[in-house]
Asker: 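The structure that follows is given in the form of structure tokens.
Starting from 1, each residue takes its place in the sequence as its number. Whatever order the structure lists ligands and atoms in, that order sets their numbers, starting from 1. Here the structure is a predicted model, which means the values were calculated and not measured.
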Amino acid sequence: MLNLLYKSSYVFVLFYYAIIPLGYLTKWWVTIEKMKGNSTILVTGGGGYVGSHTVVELLKNNYTVIALDNMINCYSGNEKPESLKRVEQITGETVTFYNVDIRDREALDKIFKTHKIDSVIHFAALKAVGESVKIPLTYYQNNVGGSATLLEVMAKNGVKSIVFSSSATVYGNPQFLPITEDHPTGQGCTNPYGKTKFFVEEIMKDVCTSDPEWKVILLRYFNPVGAHDSGMIGEDPSGIPNNLMPYISQVAVGRREKLQVFGGDYETPDGTGVRDYIHITDLAIGHLKALEKIFQCDFRSWKAYNLGTGRGYSVLEMVKAFSEASGKQIKYEITCRREGDISACYADASLAKKELNWTATRDVKDMCKDTWNWQNKNPKGFQKS
Ligand code: NAD
Ligand code: UFG
């Protein structure tokens with residue numbers, strides 16, 4: 001009798017500690033897999049740099065994608081951005097596309113009425129820091145006003161989950177490094193662009209407070225660089241690039257004479273600015289992990305995650321790495337600091353690892369190799385001639 005009791009307690013322990021958790025795990029995994037196969041995601045700004053790379057990963061993972069873009073910052077291949085036509089070639093899938101502005105309430109509403117949207121990934125925004133100082137109202141109208149309109153139309157149509165493209169810029173001048181998600185935000189955002197990211201984060205938090213059905217993930221990107229490894233899509237800035245990587249790659253391909261290194265007197269190992277560069281494909285995958293999190297039945301309200309590698313590289317380290325990857329000499333001169341720049345900024349990305357099961361797997365060599373592959377194959381970007 002005692003023996004039987006002893007044995008049955010074993011069965012109980014096995015059931016309690018192994019079978020039940022295994023059951024939960026399987027249920028969770030099945031839910032995620034089911035969501036992947038059956039979910040329709042609306043991607044705003046889908047023709048842009050981060051948007052197009054994310055659409056590739058969504059399609060690869062069997063999501064149905066509805067992309068919209070007003071094509072203000074992507075090269076138009078007439079009815080569809082050229083980037084999305086290339087996405088179709090990469091994946092062999094068709095992307096449903098709407099040439100729509102997120103501020104156009106009626107057009108947005110029609111999209112929600114036509115498709116059964118399960119969640120939204122919101123990239124659409126203007127993003128040039130310098131320009132935002134000159135035309136702040138355009139930035140507030142587009143980025144903040146546009147996001148508010150999108151949220152209203154979503155609520156009206158009963159779609160209450162969204163992944164938002166935020167930025168490390170919300171942290172301002174870092175008070176400590178590496179930056180964790182609980183670092184204060186909104187203090188020392190020096191330009192209207194950065195403030196739009198902070199304001200939209202705050203609006204989304206308020207929306208969650210007002211209605212417990214909302215689920216929001218704020219992804220704070222560090223410095224996205226690189227390109228899809230096919231070399232078919234990549235970053236295609238119009239005019240003179242503001243950011244380091246596209247500028248370096250245009251020097252390498254002969255479109256620009258030399259790089260100006262903004263400041264050689266920062267308190268960093270070689271005096272030049274340090275940033276946390278993250279490969280665009282790793283960043284894109286981060287959005288899929290965020291969706292998986294948002295689809296979990298126990299996810300509530302909002303949560304912010306840093307997407308970075310956790311490792312900082314200086315401007316001169318990036319120049320050297322790019323030179324090695326491309327086999328080209330990158331001419332540069334050290335000039336004065338750029339107004340509003342900070343000395344160093346890099347992420348603590350451990351929360352995304354712990355809670356999203358996401359970590360960056362591509363290193364600086366991959367970032368430079370893929371940027372060069374894209375630039376070399378497309379010296380003028382998406383424009384063919
Ligand atoms: P991008 O300019 O390449 O893509 C944004 C897309 O949104 C463009 O194709 C543009 O035409 C579209 N768009 C702009 N306003 C719109 C509107 N009102 N309606 C519809 N479409 C509109 O920029 P990206 O680098 O792909 O950035 C995507 C998002 O990530 C942006 O919100 C940006 O602020 C954010 N972000 C980017 C970086 C970065 O360094 N690339 C860093 C942090 C955050
Ligand atoms: N830099 C140069 N020369 C250039 C361009 C940049 O020396 O021609 C330097 C900058 O001074 C900085 C580093 O390279 O030290 C990186 O500069 P980027 O302009 O590439 O990137 P930022 O860190 O200034 O800002 C970028 C985006 C922001 C975003 C931020 C964090 O432009 O929108 O990353 O995600 F908020």
Asker: How far is atom 5 (C) of ligand 1 from its nearest protein heavy atom, and which residue and atom is that?
Answerer: A125 O, 3.9 Å
Asker: Is atom NZ of K160 surrounded by more than 12 heavy atoms (other residues, nucleotides or ligands) closer than 6.0 Å?
Answerer: yes
Asker: Hey, can you pull the donor-acceptor pairs under 3.5 Å for the side chains in residues 258-267, sequence neighbours left out?
Answerer:
from: Q260; atom 1: NE2; to: E333; atom 2: OE2; distance (Å): 3.3
from: D265; atom 1: OD1; to: R337; atom 2: NE; distance (Å): 3.0

Asker: Is Y247 close to ligand 2, meaning an N/O of one under 3.5 Å from an N/O of the other?
Answerer: no
Asker: Can you confirm whether the side chains of S119 and S161 place a donor and an acceptor under 3.5 Å from each other?
Answerer: yes
Asker: Got a sec: does the NZ of K205 have more than 12 other heavy atoms crowding it under 6.0 Å?
Answerer: yes
Asker: Got a sec, which residues hit side chain to side chain donor-acceptor pair (under 3.5 Å) with S350, two or more places apart in sequence or on another chain?
Answerer: D348
Asker: Please state whether Y266 comes within less than 4.0 angstrom of ligand 2, counting heavy atoms only.
Answerer: no
Asker: Find all atoms of ligand 2 within a distance of less than 4.0 Å from any non-hydrogen atom belonging to S167, and give their numbers and elements.
Answerer: 29 (C), 31 (C), 35 (O), 36 (F)
Asker: Ligand 2 and Q260, any nitrogen or oxygen pair closer than 3.5 angstrom?
Answerer: yes
Asker: What residue and atom, counting heavy atoms only, is the protein's closest point to atom 22 (C) of ligand 1, and at what distance?
Answerer: N70 OD1, 3.1 Å
Asker: What about K197: any of its N or O atoms under 3.5 Å from an N or O on ligand 1?
Answerer: yes
Asker: Give me the nearest non-hydrogen protein atom to atom 9 (C) of ligand 2 as residue plus atom name, then the distance to 0.1 Å.
Answerer: V315 CG2, 3.7 Å
Asker: Considering only heavy atoms of N242, which atoms of ligand 2 have at least one such atom less than 4.0 Å away?
Answerer: 5 (C), 19 (O)
Asker: Is the shortest N/O to N/O distance between N223 and ligand 2 below 3.5 Å?
Answerer: yes
Asker: Against the six-membered ring of W358, is K289 placed for a cation-pi contact (under 6.0 Å from the centre, within 45° of the normal)?
Answerer: no
Asker: Ligand 1 and I102, any nitrogen or oxygen pair closer than 3.5 angstrom?
Answerer: yes
Asker: What do you reckon, is NZ of K377 surrounded by more than 12 foreign heavy atoms closer than 6.0 Å?
Answerer: yes
Asker: Give the residue and atom name of whichever protein heavy atom lies nearest to atom 41 (N) of ligand 1, and the separation in Å to one decimal.
Answerer: K127 NZ, 3.7 Å
Asker: Pull out every atom of ligand 1 sitting under 4.0 Å from any heavy atom of I72, numbered as shown with elements.
Answerer: 10 (C), 11 (O), 14 (C)
Asker: Among all protein heavy atoms in this structure, tell me which lies nearest to atom 2 (O) of ligand 1, with the distance rounded to 0.1 Å.
Answerer: N73 ND2, 2.7 Å
Asker: Picking from R86, K80, K85, what satisfies side-chain hydrogen bond (donor to acceptor under 3.5 Å, both in side chains) with E82?
Answerer: R86
Asker: Under a plain distance cut-off of 3.5 Å, with no hydrogens placed, do T281 and H228 share a side-chain donor-acceptor pair?
Answerer: no
Asker: Suppose I only count heavy atoms of S165 and a 4.0 Å limit; which atoms of ligand 1 are within that range?
Answerer: 29 (C), 30 (O), 32 (O), 35 (C)
Asker: Taking 4.0 Å as the limit for heavy-atom contacts, which would you say applies to V100 with ligand 1: side chain only, backbone only, both, or neither?
Answerer: backbone
Asker: Would you tell me which option among G48, S52, G47 has the nearest heavy-atom contact to atom 4 (O) of ligand 1?
Answerer: G48
Asker: Considering only the protein, which heavy-atom contact is closest to atom 38 (C) of ligand 1, and what is its distance?
Answerer: P224 CG, 4.0 Å
Asker: Pick whichever of L259, I278, L244 has a heavy atom sitting closest to atom 6 (C) of ligand 2.
Answerer: L244
Asker: Could you check atom 4 (C) of ligand 2 against the protein and tell me its nearest heavy-atom contact, residue, atom and distance included?
Answerer: F262 CE1, 3.3 Å
Asker: Write out the residue and atom name of the closest protein heavy atom to atom 27 (C) of ligand 2, then the distance separating them to 0.1 Å.
Answerer: N243 ND2, 3.8 Å
Asker: With heavy atoms only and a cut-off of under 4.0 Å, state how N142 meets ligand 1: side chain, backbone, both or neither.
Answerer: side chain
Asker: With a 6.0 Å cut-off (strictly less than), is the heavy-atom count around NZ of K365, excluding the residue itself, greater than 12?
Answerer: no
Asker: M154 and F112: side-chain contact (heavy atoms from CB on, under 4.5 Å), yes or no, with the steps?
Answerer: CA-CA 8 Å; M154 286 174 66; F112 280 93; 3.6 Å; yes
Asker: For S167, take its heavy atoms, then give the atoms of ligand 1 lying under 4.0 Å from any of them.
Answerer: 43 (C), 44 (C)
Asker: Mind checking whether F382 and W374 have ring centres under 6.0 Å apart?
Answerer: yes
Asker: Check whether the side chains of Y305 and E355 place a donor and an acceptor atom closer than 3.5 Å, and report yes or no.
Answerer: yes
Asker: As a check for students: among R275, R220, R338, identify the option with a heavy atom nearest to atom 23 (O) of ligand 2.
Answerer: R275
Asker: With backbone taken as N, CA, C and O and side chain as the heavy atoms from C-beta onward, which portion of S166 lies under 4.0 Å from ligand 1: side chain, backbone, both, or neither?
Answerer: backbone
Asker: Quick check: does V261 get an N/O under 3.5 Å from an N/O on ligand 2?
Answerer: no
Asker: For F222, is at least one N or O under 3.5 Å away from an N or O on ligand 2?
Answerer: yes
Asker: When only distance counts, is V50 in polar contact with ligand 1, meaning an N/O pair under 3.5 Å?
Answerer: yes
Asker: On the 0 to 90° scale, with breaks at 30° and 60°, tag the H183-Y171 ring pair as parallel, tilted or perpendicular.
Answerer: perpendicular
Asker: Heavy atoms only: which of Y277, Y193, Y332, Y221 lies closest to atom 16 (C) of ligand 2?
Answerer: Y277
Asker: Nearest heavy atom to atom 30 (O) of ligand 1 wins, so pick from Y49, Y98, F164, Y221.
Answerer: Y221
Asker: Is the Y221 to H287 ring centre distance short of 6.0 Å?
Answerer: yes
Asker: Atom 12 (C) of ligand 1: which protein heavy atom is closest, and how many Å away?
Answerer: D69 OD1, 3.2 Å
Asker: Between ligand 1 and Y193, is the shortest N or O to N or O distance under 3.5 Å?
Answerer: yes
Asker: Going by the atom numbers of ligand 1, which of them fall below 4.0 Å from some non-hydrogen atom of M71?
Answerer: 11 (O)
Asker: Taking atom types as modelled, find out whether Y193 and E131 have a side-chain donor-acceptor pair closer than 3.5 angstrom.
Answerer: no
Asker: Can you confirm if the NZ or CZ of R220 lies within 45° of the ring axis of F222 and under 6.0 Å from the centre of its six-membered ring?
Answerer: no
Asker: Considering only heavy atoms, which of G45, P237, S76 lies nearest to atom 7 (O) of ligand 1?
Answerer: G45
Asker: State whether a side-chain donor-acceptor pair under 3.5 Å links T40 with H115.
Answerer: no
Asker: Would you say the side-chain atoms of T361 and D282 include a donor-acceptor pair closer than 3.5 Å?
Answerer: yes
Asker: Nearest protein heavy-atom contact for atom 11 (O) of ligand 2: which residue, which atom, what distance?
Answerer: D341 OD2, 2.5 Å
Asker: For F123, is at least one N or O under 3.5 Å away from an N or O on ligand 1?
Answerer: yes
Asker: Checking side-chain contact (heavy atoms from CB on, under 4.5 Å) for the pair F97/N99: CA distance, chi angles, key distance, verdict?
Answerer: CA-CA 7 Å; F97 174 74; N99 182 351; 4.0 Å; yes
